[in-house]
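Written out below as structure tokens is the structure these notes cover.
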Amino acid sequence: QVQLVESGGGLVQAGGSLRLSCAASGRTFSIYGMGWFRQAPGKEREAVARISWSGGTTYYVDSVKGRFTISRDNAKNAVYLQMNSLKPEDMAVYYCAADLGKSYGSWADERRYDYWGQGTQVTVSS
């Protein structure tokens, strides 16, 4: 079992920044990668970014490239999402998820991820 707890969400004006954190505990040695997803009201959950746990390879959805940065701290069993130049369309509940190595076609496929956090709300005012 892996437990994930997100923090860092809040209210920010458009153009501002937030840094989300996700703390992992439990069988963290089994983590292969970590992802951030988000779900806006009335919309399906979408993948935002992913980072491999060992080599640090990163992936981003096109809409956040150049604005968001995913990073990890293996010593702290934590993953972060630095969000800059926030837009109203970034407003959503953000979830982190842990991937234990299942093979699916895309890094953005939710089926790849085995454990999920409870989510943290990001609100962007225009």
Side-chain angles (χ1 to χ4, degrees):
Q1 291 276 353
V2 174
Q3 292 79 41
L4 303 173
V5 179
E6 303 98 335
S7 61
L11 172 64
V12 65
Q13 286 189 329
S17 299
L18 280 175
R19 187 190 192 215
L20 305 183
S21 300
C22 176
S25 60
R27 298 172 65 87
T28 57
F29 60 86
S30 61
I31 294 175
Y32 185 74
M34 296 284 291
W36 283 99
F37 288 74
R38 66 186 179 186
Q39 187 167 23
K43 295 188 177 181
E44 292 188 354
R45 188 159 57 186
E46 68 166 345
V48 176
R50 171 190 167 81
I51 188 165
S52 66
W53 205 237
S54 58
T57 303
T58 58
Y59 304 87
Y60 298 92
V61 68
D62 285 347
S63 60
V64 308
K65 286 180 179 176
R67 301 188 297 122
F68 290 11
T69 302
I70 189 171
S71 61
R72 80 208 192 287
D73 185 332
N74 296 67
K76 295 182 178 180
N77 291 320
V79 65
Y80 308 98
L81 186 68
Q82 177 66 44
M83 305 186 295
N84 298 328
S85 301
L86 281 161
K87 304 176 180 180
E89 51 263 43
D90 295 318
M91 183 164 60
V93 177
Y94 283 71
Y95 301 89
C96 69
D99 158 20
L100 303 189
K102 287 187 296 189
S103 179
Y104 279 98
S106 165
W107 66 271
D109 193 326
E110 290 192 18
R111 294 174 295 173
R112 178 185 285 272
Y113 299 86
D114 301 274
Y115 295 97
W116 295 80
Q118 82 289 349
T120 186
Q121 176 70 49
V122 171
T123 302
V124 184
S125 63
S126 56

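Because the structure is predicted, anything quoted here is derived from the model rather than measured.
Between the side chain of E6 and the main chain of C96, a donor-acceptor pair closer than 3.5 Å is present. Using modelled atom types, one side-chain atom of Y60 and one backbone atom of I70 make a donor-acceptor pair closer than 3.5 Å. Side-chain atoms of R50 never come within 3.5 Å of backbone atoms of A108 as a donor-acceptor pair (strictly under, hydrogens ignored).
Between G35 and Y113, the shortest heavy-atom distance links the atoms N-CE2, 3.7 Å. Between W107 and A47, the shortest heavy-atom distance links the atoms CZ3-CB, 3.7 Å. Closest approach of L81 to A49, counting heavy atoms only: CD1-CB, 4.2 Å. Taking all atoms of both residues into account, the shortest heavy-atom contact from V79 to W53 is CB-CZ3, 4.5 Å. Minimum heavy-atom separation, V2 to A98: CG1-CB, 4.4 Å.
Taking the side-chain contact (heavy atoms from CB on, under 4.5 Å) definition, one finds that S63 meets it with R38, V61, sequence neighbours left out. The salt bridge (Lys or Arg N to Asp or Glu O under 4.0 Å) test applied to D109 returns R111, not counting sequence neighbours. By the salt bridge (Lys or Arg N to Asp or Glu O under 4.0 Å) test, K102 pairs with D114, sequence neighbours left out. Under the side chain to side chain donor-acceptor pair (under 3.5 Å) criterion, Q39 pairs with no residue at all, not counting sequence neighbours. Qualifying side chain to side chain donor-acceptor pair (under 3.5 Å) partners for S17, counting only residues two or more places apart in sequence or in other chains: N84. Residues that satisfy the side chain to side chain donor-acceptor pair (under 3.5 Å) test with R19, not counting sequence neighbours, are absent from this structure. Under the side-chain contact (heavy atoms from CB on, under 4.5 Å) criterion, S25 pairs with Q3, sequence neighbours left out. Not a single salt bridge (Lys or Arg N to Asp or Glu O under 4.0 Å) links R72 to another residue, sequence neighbours left out. Scored by the side chain to side chain donor-acceptor pair (under 3.5 Å) test, K87 finds no partners at all (sequence neighbours excluded). For E44, the side-chain contact (heavy atoms from CB on, under 4.5 Å) criterion is met by no residue, not counting sequence neighbours. With sequence neighbours excluded, the residues satisfying side-chain contact (heavy atoms from CB on, under 4.5 Å) with V122 are L18, L20, M83, Y94, V124.
If you chain together hydrophobic residues whose side chains sit under 4.5 Å apart, Y80 and V12 never meet in one group.
Taking the side chain as every heavy atom from C-beta outward, R27 and L100 never approach each other to under 4.5 Å. Using a 4.5 Å heavy-atom cutoff, the side chains of Y95 and V93 are in contact.
Taking NZ of K65 as the start and OG1 of T58 as the end, the distance is 9.5 Å to the nearest 0.5 Å. If you take CD1 on I51 and OH on Y59, they are separated by 11.0 Å, rounding to the nearest 0.5 Å. Rounding to the nearest 0.5 Å gives a distance of 10.0 Å between CD of E89 and OG of S126.
Applying the ring pair (Phe, Tyr, Trp, His ring centres under 6.0 Å) test to every pair with at least one member in residues 4-36, sequence neighbours left out, gives no pairs at all.
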